[in-house]
Amino acid sequence: MTDQLPTTFNPADIEARWYQYWEEKGLFRPERPDAEAFTIVNPPPNVTGSLHIGHALDNTLQDIVVRYERLRGKDALWVVGTDHAGIATQMVVERQMEERQDKRTNYSREDFIDKVWEWKHESGGTITRQLRRLGCSMDWSREQFTMDEHFTGAVLKTFVDLYNDGLIYRDKRLVNWDPKLKTAISDLEVETQDLKGSFWHFKYPLEDGVTLDDGRDYIEVATTRPETMLADMAVAVHPTDERYASVVGKHVVLPITGRKVPIVADEHADPELGSGAVKITPGHDFNDFEVGKRAGIAAGDMLNMLDGDANVCQTSDGRVPEEFLGLHRFKRDGTPGARELVIERLKEQGFLIPYITKTKKGEEVELDAEPRTIATPFGDRGGVVIEPWLTDQWYVDAEKLAAKPIEQVKSGEIEIIPQSWEKTFFNWMENIQPWCVSRQLWWGHRIPAWFGPKIQDDVVSFDQTASDSPVFVAATEAEALDKARAYYSKAGYEVSVSDGVEGTFEDFLDDFDEDQEQALKTVQVWRDPDVLDTWFSSALWPFATLGWPDETSVRAEPVEVRADNDVSSDDTGPSTSSGQTVSLLEKHFPNNLLISGFDILFFWDARMMMMGQYNMGKAPWLKLYLHGLVRAADGAKMSKSKGNVVDPLGLIDEYGADALRFFMAAMESQGRDIKMDNERVKGYRNFATKLWNATRFCQSNGIGASDTLAAPDAKLAANQWIIGEVQQTVEALDAAMADLRFDAAANTIYQFTWSRFCDWYLELIKPVFASESVRPEVLSPSKGEGSDSDAARTSTSSARTAVEETREVAGWALDQILVMLHPFMPFITEELWHAQGALNGPENGNPRSEYPIITAKWPDPRANVSKPATQAIDWVIELTSNVRSAKNELGIAPGAKLAAFLPSASELASSTIERSSAAIERLARLTPVALGEAPDGPAMQVTAGSDVFVIPLEGIIDIAEEKARLEKALAASQKEAKSLEGRLGNANFVERAKPEAVEKAKADFAHHSAEAERLTAALARLG
RNA sequence: GGGCGUAUAGCUCAGGGGUAGAGCACUGUAUUGACAUUGCAGGGGUCCCAAGUUCAAAUCUUGGUACGCCCA
């Protein structure tokens, strides 16, 4: 095995192999029924999606935490699955159809959905395969999909429960309508962009005989959307605006439509803006909708002039001229729309007030409109301008559901990391609007509501817009039918379910025959054709994936009651003690942690909080960790349109999954975005190679796997030292992980591995192996260096040689590195773990060889750190560094082996020279140190701690250079000493500063002034 | 308009009331012994500006400036 590791680490050779090994052996979730649970749910990626760099970050962080907790012995569960992603997936399939000159409406609803399922089966495995390449240790055995049968059950139950509790209702109001996708979308799915646009000014003539105080017979209004004037229903002026006070209550007669509409007083009109008068189109503008309501116009009476494609249709008062009907709202693909025609007609008729401005040359010019920047709403998926449209939709009463989550974050029950996100969270949650959850799509969870006609005085009528229109909400058709029967039996009607509704209500209305129903005394109910917002289902992810609602759960009371009856949280959980079966849901809910990008804080995280509280009576997780975006190297946001996306799979191909993962961890500091940097990924690939070669070195010296979790007994200073260093590293790593400081954690293990273990420890132990053949050194019991207790603890054979001890300690330390690094670099660590196991494996009864690293045990050094050993090795390191530095400055070949004299050795020096002479000689490249005066002659002088070594350099050294070098060092010491002296001379400092600060200053001063003295003496010796 | 964040070495970023750190880049240098995907050594910073608090401010407070993000 020794020579089986190739010189260079090639990630591709090992990654697939180990992943398959882990997955096949079920190691992502080993049976640990009695262990403490640790649970994370993965933000379900879109089923037809593929892994982008943001996924790589998000999943790397989660995998680090999950692997860490698994190593620490917990029953770690990482729930994985995919999201059906209603709009996105339907769009993908429709786009494919388009390429074949086909379209959705060529199919029945059922057939289309079948086609989407086909596509799901075909492409749904892409992202899950890619997550595997990244090394993510998810529980694939329970992979979930938001449209799985049980998950759909959870969605329907939630809808029905919310409806019964009055927290879901149907309402007619303006929605954000996407005319491309022809569906309503929620506020969150709207992205506002500032565009250059125009502000047109019009004259609206006052009704006969009415004039303003200044005599004008018109009111000037201005708008960025002239086309909507076809559905104008009022003109608003501010109540305190004296210019218009006399005409409030009077009317204007609209050009083009001839509609006579009132002038109303409303605070929405801004006297400073334009003329101070504003046209009101309640059916096509959110502000105007509110103004209209205040003016007493019911939502049902508001005029609508656009169809679902945003083409002009006739208003209910029939006043839109023929030539406008069918035009798109505005110019599209070069074809002028209603906007252009409205402007043209108004201009012709003299109602357009031109905008006068000056060119750069100072010439006056007349424009149709004032140029202006307009905040324009776009649909985040469809990419077209959103049209506020008056429709009936289902709404979730988010305000009520938000109350408890707000409280939970305020009280700290839910911790948001970094905390700075709390303010953003509160700001949104406290101003939350009703959540529109119905979507006019086919792919998704169909809303479990059945509508029926209204029967009054034995007249059957259907009015979908009537608020008292009968609706039966139930999880199944049978239940809904039961409810409908109970309802209609009172009027003596039979009920059947219409299966003809595949499109919109309008489609149904075409088939609807009121007279026939009335004659036959039978009514048809039909299921709402709409589906639910994707985020409605993913909001249930933390518990529906664990079996809710089939498994026991504590269904909470409706929120209003719950607020003052809060007993749900700390009782009833069945104990996890032995013998009792505990369901997955009971054990793993609430989840411990959620890791998500801040971009889905509102879309997903907040809604999980609401639904977790509603369905489970608890917060869905205890901590929420929000990470930033991965940006392109220049700091720009990555986007397909910019063409600057970095493919994580490409990075894995080039540098290995371990390197990419380590990059993500090392760069992840709280509250900051990550800029992509391939050089850095490369650097971590190099780090993997370094570890690889360190292991090869160990193997070539017979260093194999450790067989104890506790640190081996050690007598040699270097071995004692590295044990202490491991201990410190574990502590630092645990602290970083506890705080979710991924960068600190990654840097800790990086520095330890490279700068301590490779750079110093392996160098320090080389002499042990070099001397093996010459004089196998038998270690005598230690000589009062504080390690007696260690020796007593593991009283193995006392005749252990230095080589044997070092093999044990080095093998142990390497094992600890592998385990500590495993969460970050799972592949290489598993490979090396087995390579090491092969060297000291089952044939020796090594228990460590019985399990792979993925289920190994987290380091537990349980050793007393030897202070003398630490001091000794630190002293050796200082000496070595100073000798190297001096040589470098004096231009002496680094390899030159020099003689060193120590005229006056400190206790530390003499004991260390005695114990670790071989290491000193090798690292500092000195011949054995002679205690005593050096012979006269040119020499350089090097310090280590309080010791000054004299290194004769007859013939090699230029005294002037050595003098210059020492003077430079002296100046530095004197500067430090002087500064400290000044501070210590300040009475205020000595009296008022913290005692520790004063102590430290004194100690530093003593150190620097002693150093200065030593250097002065050294200079004096040079003459 | 409201809110949030960031500003530290050439670059990307940690840190943080006691006088400055990492990686990369740069300079010099080494090479029969784990590793050139390497070793060793080194240069490089008015910690954005100003005021305040303090014995002491890069750090805390306030106010600027610049950039970025979110909401309206």
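Naming: A, B, ... by sequence-line order, numbering from 1 per chain. All values derive from a computational prediction rather than experimental measurement.
- Comparing B:A57 with B:C48, their C1' atoms are spaced 15 Å from each other, to the whole Å.
- Across all strands shown, the partner of B:U6 is B:A66, judged by Watson-Crick or G-U wobble contacts whose two distances both fall under 3.5 Å.
- Comparing A:Asp743 and A:Arg685 by the nucleotide of RNA chain B that holds the closest heavy atom to each, the one mapping nearer the 5' end is A:Asp743.
- Under the 6.0 Å distance and 45° angle rule, A:Lys766 counts as a cation-pi partner of A:Phe697.
- Residues A:Trp435 and A:Arg607 have side chains in contact (heavy-atom distance under 4.5 Å, counting atoms from C-beta outward).
- As judged by a 4.0 angstrom heavy-atom cut-off over every strand, A:Cys698 is placed among residues making no nucleic acid contact.
- Pairing of B:G33, defined by two Watson-Crick or G-U wobble distances under 3.5 Å, is not identified with any nucleotide.
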Walk me through whether A:Phe824 and A:Tyr750 qualify under ring pair (Phe, Tyr, Trp, His ring centres under 6.0 Å).
CA-CA 10 Å; A:Phe824 305 88; A:Tyr750 179 96; over 10 Å; no

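- A cation-pi contact, defined as under 6.0 Å to the ring centre and within 45° of the axis, links A:Arg372 to A:Phe199.
- Nucleotides B:G15 and B:G33, compared at atom C1', are 40 Å apart to the nearest Å.
- Nucleotide B:A20 forms a pair with no other nucleotide shown, judged by Watson-Crick or G-U wobble geometry with both contacts under 3.5 Å.
- With a 3.5 Å ceiling on both atom-pair distances, the Watson-Crick or G-U wobble partner of B:C26 is B:G42.
- In this entry B:A58 has no Watson-Crick or G-U wobble partner, no candidate having both defining distances under 3.5 Å.
- Nucleic acid contact class of A:Asn986 (heavy atoms, under 4.0 Å, all strands): sugar-phosphate only.
- Using Watson-Crick or G-U wobble geometry with both donor-acceptor distances under 3.5 Å, B:G1 finds its partner in B:C71.
- Across all strands, A:Glu763 comes closer than 4.0 Å to base atoms (heavy-atom distances).
- Residues A:Lys968 and A:Lys690 both approach RNA chain B. Their nearest nucleotides, taken by heavy-atom distance, put A:Lys690 toward the 5′ side.
- Nucleotides B:A58 and B:C13, compared at atom C1', are 16 Å apart to the nearest Å.
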